[in-house]
Amino acid sequence: MKKSKSLKLMFPLICLLWLSGYSCVSIAKTADNLLDLYGNPSVFEGYLPIWDGEAALAIDSESWRARAKDERIKFLIIHYTAAGNETSKRALTRAQVSSHYLVSDVADEAVFKLADESERAWHAGQSAFYGRTNLNDTSLGIEIVNRGMSGRTYLPYAGHQIKKTAWLLLALVKRHQINPKFILGHSDISPGRKMDPGPTFPWEALYREYGLGAWYDEKDKNEFLNAYTEEQFAKVTALQYKRELYRYGYAVDLTDKADERTKSVIYAFQSHFYPDGLSGIMDRETYARLLALNKKYPGRDVPGEKKE
């Protein structure tokens with residue numbers, strides 16, 4: 001009788017131990033296999049499994065690879081620092097602003113890499129081009145030590161700075177497959193708000209000597225100049241030339257009004273492609289260069305414009 005009573009008392013304890021052991025085995029088994037049958041992390045077991053980083057998580061990067069993808073970096077943006085060498089270094093390594101690379105004004109100094117290309121540097125600010133905004137997200141910034149302006153005169157760049165910048169751009173273009181149109185100045189993406197790298201930056205020389213960036217063909221430009229005589233050009237409306245600026249990529253509204261914003265965009269375009277004609281006014285030469293660029297490089301669709 002006593003033996004039967006003892007067995008009855010021990011039975012719940014045996015069940016508890018058995019269940020506890022099963023639970024421990026189940027948890028251990030789940031922890032050993034952190035992915036369920038569908039390849040998802042096992043987070044529905046009533047606990048969060050703990051493992052040592054990726055060591056316990058098998059990653060297969062060879063069997064299946066996505067095809068619907070492209071480079072995150074779309075734009076290369078050129079700046080001048082508007083300050084001297086040491087001041088530029090200090091400014092770009094503090095908390096307010098940054099860039100990925102810095103080209104100093106000292107001939108035998110290396111190009112400084114201030115941020116990894118995978119990181120988001122703060123160099124573009126409020127910006128837009130070709131329908132994209134906030135270009136810090138999709139660009140690399142290259143700062144060149146140059147004080148910018150002295151009075152109302154833009155200062156030149158040293159030859160060694162341009163050579164270093166060209167070599168750097170060649171590497172970045174190859175690494176990120178950059179569209180020639182998307183090697184830009186800060187003023188191209190922030191017209192009116194920013195003026196750098198200014199009209200003394202040798203965009204044409206970079207194109208002709210290194211094959212970098214976009215430039216129009218002289219033959220096309222002259223054909224458009226001949227097509228638009230002074231009489232013909234006088235009939236070109238603000239909406240017409242703003243459509244062409246928009247097509248190339250500039251952030252401009254599509255109205256028939258030439259306001260201060262429009263002048264800022266034209267000035268930015270001239271700074272890049274017509275540095276001898278800085279005015280902020282659309283003239284025949286500026287228009288011919290713009291049309292030649294849009295003939296040479298595919299542009300974006302213009303809203304409201306009928307396709308041929």
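Bear in mind that the values here come from a model prediction, so they are computed numbers and not experimental data. No hydrogens, no waters, no symmetry mates; every other heavy atom, side chains included, goes into these values.
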With sequence neighbours excluded, residues passing side chain to side chain donor-acceptor pair (under 3.5 Å) with Y297: none
Verdict with supporting geometry, S139 and H123, side chain to side chain contact (heavy atoms under 4.5 Å, CB included): CA-CA 9 Å; S139 68; H123 64 97; 3.0 Å; yes
Atom pair NZ (K235) and CD (Q240), whose distance is rounded to the nearest 0.5 Å: 11.0 Å
Shared hydrophobic cluster for V302 and Y287 (ILVMFWY, side-chain gaps under 4.5 Å): yes
N294 side chain reached by F224 side chain, heavy atoms, under 4.5 Å: no
Joint cluster assignment, L291 & L239, ILVMFWY side-chain distance < 4.5 Å: yes
Nearest-0.5 Å distance that lies between atom OH in Y241 and atom CE in M282: 6.5 Å
Salt bridge (charged side-chain N to carboxylate O under 4.0 Å, His left out) contacts in which one or both residues fall within residues 161-176, not counting sequence neighbours: E117-R175
Side chain proximity check, M195 to S271, heavy atoms < 4.5 angstrom: no
Beyond-backbone contact of I144 with P197, side-chain heavy atoms, under 4.5 angstrom: no
Remaining members of hydrophobic cluster (4.5 Å side-chain criterion), L92: V97, L102, F112, L114, V145
All side-chain contact (heavy atoms from CB on, under 4.5 Å) counterparts of A91, not counting sequence neighbours: none
Aromatic ring pairing Y248/F273, orientation class (parallel under 30°, perpendicular over 60°, tilted between): perpendicular
Contact check, side chains of K257 and T262, non-hydrogen atoms, under 4.5 Å: no
N85 side chain to S88 side chain, donor-acceptor N/O pair below 3.5 angstrom: no
Test side chain to side chain contact (heavy atoms under 4.5 Å, CB included) applied to H186 and R193, step by step: CA-CA 9 Å; H186 202 176; R193 190 176 70 84; 3.8 Å; yes
Distance (rounded to the nearest 0.5 Å) between D196 CG and T81 OG1: 9.0 Å
Where H100 and L140 come nearest, the two heavy atoms and their spacing: ND1-CA, 3.4 Å
Heavy-atom closest pair, residues A251 and R261: O-NH2, 2.8 Å
CA sep, side-chain torsions, deciding dist, call: I142, L172, side chain to side chain contact (heavy atoms under 4.5 Å, CB included): CA-CA 11 Å; I142 301 170; L172 297 178; 3.9 Å; yes
With sequence neighbours excluded, residues passing side-chain contact (heavy atoms from CB on, under 4.5 Å) with E204: R208, W215
Close side-chain approach of T255 to K242, heavy-atom, < 4.5 Å: yes
V106: hydrophobic cluster co-members (side-chain, 4.5 Å): none
T286 and Q270 side chains, donor-acceptor separation under 3.5 Å: yes
H272: ring pair (Phe, Tyr, Trp, His ring centres under 6.0 Å) partners, not counting sequence neighbours: W203
R120 atom CZ, neighbour heavy-atom count above 12 within 6.0 Å: yes
Closest approach of L135 to S127 (non-hydrogen atoms, all atoms of both residues): N-OG, 3.0 Å
Nearest atoms (heavy-atom pairs only) where R300 meets G249: NH2-O, 3.4 Å
Side chain proximity check, L155 to T200, heavy atoms < 4.5 angstrom: no
Atom pair CG/CZ of L278 and F269 - distance to nearest 0.5 Å: 12.0 Å
Residue list, side-chain contact (heavy atoms from CB on, under 4.5 Å) with R72, at least two apart or on another chain: none
Y210 side chain reached by L169 side chain, heavy atoms, under 4.5 Å: no
Lys/Arg-Asp/Glu bridge criterion (N-O < 4.0 Å) met for R289, E285: yes
Atom pair CG (L184) and CD1 (I189), whose distance is rounded to the nearest 0.5 Å: 7.0 Å
Set of salt bridge (charged side-chain N to carboxylate O under 4.0 Å, His left out) partners for K219, sequence neighbours left out: E223
Pairs touching residues 156-182 that satisfy ring pair (Phe, Tyr, Trp, His ring centres under 6.0 Å), sequence neighbours left out: F75-F182, Y130-F182, Y157-F201
side-chain contact (heavy atoms from CB on, under 4.5 Å) involving E218 - partner list, sequence neighbours excluded: Y216, K221, N222
Separation between OG of S99 and CG of N136, rounded to the nearest 0.5 Å: 11.0 Å
Worked check of side chain to side chain contact (heavy atoms under 4.5 Å, CB included) between R243 and L254: CA-CA 7 Å; R243 281 176 173 166; L254 296 175; 4.1 Å; yes
D253 and D259, any side-chain heavy atoms less than 4.5 Å apart: yes
Qualifying residues under salt bridge (charged side-chain N to carboxylate O under 4.0 Å, His left out), relative to D60, sequence neighbours excluded: none
